[in-house]
Amino acid sequence: MLDRIEFLLGEALTALRRNGMMTLAAITTSAVSLFLIGGLSYAYFRVQEYGQTLPGKFEMRVFLRSGVKEGEISRTAEAIRKMPDVATVTWIPRDLAWAKQKREHPDLTEGIENPLPDALKVKLKALTNADSVADNIRGLALVDPDGGVSYLKDEQRFADQSLQLIRWLGILFGSILLATAGILIYNAIRMAALSRRNEVRIMELVGASRAMIKAPFMIEGMVQGLLGGVVASFMILAAQRGLIQFLDSVKIQATLPAYPMLFMLGALSLAGGAYGLVCSTAALRRESA
Amino acid sequence: MQSILTPYIELKNVEVVYNRDVCALRDVNLQIARGEFVFLVGKTGAGKSTILKLLSREANVTTGDVLLEGNSISRIPRNKVHLHRRRLGIVPQDFALLPKKNIWENVGYAMRAVGATKREIRARAPEILDLVGIAHRADAFPNQLSGGEQQRVAIARALINDPPILLADEPTGNLDPEFSIEIMEVLERINQRGATVIVATHDMPVVERMRKRVVTMEKGRVISDVVPEPIVLETAVVDA
């Protein structure tokens, strides 16, 4: 068994060496396509993850009309709490808010009577429905309809648009490059079959099984895709490091999560290997047709 | 079960049509016994190679049937053809040697392709190379060998499965006459060990010298099938 595996691997390696340039082209194109698909998928999940953490950081401020009573505030808070997608509601009394302002900005607040209304701090469960929650709150009687609700609408839009952009970029460029890589692997295998027609003929003459004849070519395609995956995972690592350095250089403080190297290496290698196998099988099907 | 009257190899009303204009074989009937040495002779395009291809299932009949020990070769499923080929030794005209491998590796490569282990190769390859008389050149590369020697390697490779049938397509086609005789002697030696040998050739001087059964073909038909008379050595009686 080991002898047979050694023979098949040896044959595949011979073919890889013999078609050096074609192999290199197939590996690099696979790598770039997997880099784009893998890298953009990685970025997509990261942005999505970030989007999911936004509601936790994200507070909606609800400013009440002037002169409302404590009981009315409690009822309004209760009404908001009952809305779907609302996690918590906290009352911020106007006196406490003003005292804080006075502490933080004594020069600006000196001699001014407290202009702040009572407010409610609302945290959401899901970011996606923030607009409808805001509309519902604006409809409440004690809430100022103009400027009564304030929240970071732009962040939410940015996250959504980023996700969409990443998704489309990934689909568009990833598909184009994946198709290119597939064609290159396909051609590499066909050329390999052509350059090894002597060996194939000998195998046929002496009665080697079809599996034995085809296996080296399939291994070759798989290795090309697999190496493409390995290179792609290192390219993504390099891209993430480059991004961190860039953010540092422009003084943007952002904490990017650690790159899951092993996971990406495994996932992209497997995906590349499987894709290479599919392409080489298709090439051999054509060859033996 | 095979009857003792069943020929070892039999072609029954075989017709092979490649396309509307090319009919490679027409109504060919041929029977070959186990252990025979048969020459298929005729001009180029007579159908000799097609018969070998039918036997190795590189080609298939259009009508009729090709039988080996009573079993149809034509109906062997595609995924079982390789098992059938292991019962045959096939010697192609162009030797089909791997130029970057030496003789030992050429034979070893073929053995590994059919699943032999390195140990099996070490045990069997010297014996095969010895049988065809090329063991002393085992480390040489094909381009360092004469045509006759290359053909011996091709024959050695055909013997790796110890096949009961050896098919040789123009084995002397690329050789000088002196090498042709050597190759035929190798084939005869294999035949004497029990293998059925079928040789397609148009090398008539060699055929005549070998004194074996000769099936002559022309335009896809068998036009004669001659088994040579045994040579009777005359004994001189000397009166005392």
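This structure is a prediction, so every number in the text was calculated from the model and none was measured.
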Against chain A, label B/Thr117 side chain, backbone, both or neither, depending on which of its atoms sit under 4.5 Å from a heavy atom there. both
Measure distances from B/Leu97 to the heavy atoms of chain A and classify the residue's part below 4.5 Å as side chain, backbone, both or neither. backbone
If you count heavy atoms of other groups shown closer than 6.0 angstrom to OH of B/Tyr18, is the number above 12? yes
Expected output: side-chain B/Arg189 to main-chain B/Leu131 donor-acceptor under 3.5 Å: yes
With no hydrogens and no angle check, is any side-chain donor or acceptor of B/Glu105 less than 3.5 Å from a backbone partner on B/Asn102? yes
With chain A, the option among B/Asp94, B/Ile160, B/Val91 that has the most non-hydrogen atom pairs under 4.5 Å is B/Asp94
Any idea which of B/Arg112, B/Arg87, B/Arg157, B/Arg86 has the most non-hydrogen atom pairs under 4.5 angstrom with chain A? B/Arg112
A/Glu204/B/Arg85 salt bridge by N-O under 4.0 Å criterion: no
Polar side chain donor-acceptor pair, A/Tyr275 to A/Gln224, under 3.5 angstrom: no
Which atoms of A/Leu205 are under 4.5 Å from chain B, going by heavy atoms: the side chain, the backbone, both sets, or neither? both
